[in-house]
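The block underneath contains the structure these notes are about, expressed in structure tokens.
Values below: every heavy atom of this structure, side chains too, minus hydrogens, waters and symmetry copies.
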Amino acid sequence: FAKVGADGRICFTNSVLGPVHVLLDLLIVADAAVFRSPSTSGSVRLADTRIGLGGPIVAPSETRCVAAAGAAPGEFVGVNVLPVGATAAGFGTVHPSGTGPGASSTANFGPGTFDPNFAFTKVGPDGQICFTNSVHGPVHLLLDQLIVGVSTALSAPSPGPNADRPVDTRTGIGGTTLAPGASVCFAIPGGEPGDFGGVNLLPLQATGPGFGTLRSSDDAPGSTSNANFGIGTFDPNFAIAEFGADGRMCLTNSDNSTTDVIIDSQVIADSSAFAQPTPTGSVRLVDTRIGRL
């Protein structure tokens, strides 16, 4: 998430370490009345356990909670979560304080990996949000808060069967293994046609490299992507799409290979909170590999 500047643009700034190509796909446009920055200077780092900010390294199965910046209990915050320095493969879940992590996950990691992901979560009654580590091993945590959303326009998925995890093709929840070019469409309890749903996408057990695109059930996949994968990879990514007239959104696999997918629901946004950037959904703004700016 980034605020649009006075010249109508957003920017990507590379680090000092080396050149890199970048692909930038615009998924949604957010209403300024619904979202705000967590501070006057923009985003805020809530935790960096490497230097003791937010506590020491997060132990296996430990829940670590930190105060959200500029947000009241019941509002939603958008955070970038980066587990680093792990000694074993595992995963973590961002969730409100006062509740457990449920059946979903936010970030997957392994020894030596750097796998950031974005997440929306509700702020708990004590003004905090939490990260719960899996049972597999200790991990350091970097947590950056990017945005605050008002509670009148955002909500958690309604309780119901598979509400946290509407799709897990490994076990047949919501669908089966995706063939090349195939789609899995799903609803989220509480989501209505015209609302937007924010989900975490995790392709896994792929037979080759590829990518997936989240879209409204009313739209074609288009030329954008939301999650890239390869053999043996665990590369989750957050995505937002509009619920179609049938109350569903879809993930469409690329034509490259078969893959399983786990989809975890995080937030439902009222139709007043977001707009699609084009009548047919997401749009690719930048692909420096082909000189597209």
Do [X] and [Y] have side chains that get closer than 4.5 Å, going by heavy atoms?
| X | Y | value |
| --- | --- | --- |
| I129 | V77 | yes |
| S257 | F229 | yes |
| M249 | L214 | yes |
| D264 | S105 | yes |
| I268 | L154 | no |
| F274 | E242 | no |

Donor-acceptor pair, [X] side chain versus [Y] backbone, under 3.5 Å?
| X | Y | value |
| --- | --- | --- |
| T132 | T93 | no |
| S254 | G212 | no |
| R64 | C130 | no |
| D25 | S225 | yes |

What is the distance from atom CG of L201 to atom CG of N226, rounded to the nearest 0.5 Å? 6.0 Å
Nearest 0.5 Å, please: how far is OG1 in T106 from CZ in F118? 11.0 Å
Would L251 and N253 count as a side-chain contact (heavy atoms from CB on, under 4.5 Å) if you check the C-alpha gap in whole Å, the side-chain angles of each, and the deciding distance to 0.1 Å? CA-CA 7 Å; L251 178 73; N253 188 18; over 6 Å; no
With sequence neighbours left out, which residue pairs that include part of [range] fulfil the salt bridge (Lys or Arg N to Asp or Glu O under 4.0 Å) condition?
| range | answer |
| --- | --- |
| residues 26-52 | R36-E75, R45-D48, R45-D144, D48-R50 |
| residues 198-221 | none |
| residues 169-192 | D168-R170 |

Dump the intermediate steps for ring pair (Phe, Tyr, Trp, His ring centres under 6.0 Å) on F238 and F1, then the final yes or no. CA-CA 11 Å; F238 177 84; F1 271 90; 7.4 Å; no
Matching residue for D235 among N117, L202, D115 - test: side chain to side chain contact (heavy atoms under 4.5 Å, CB included): D115
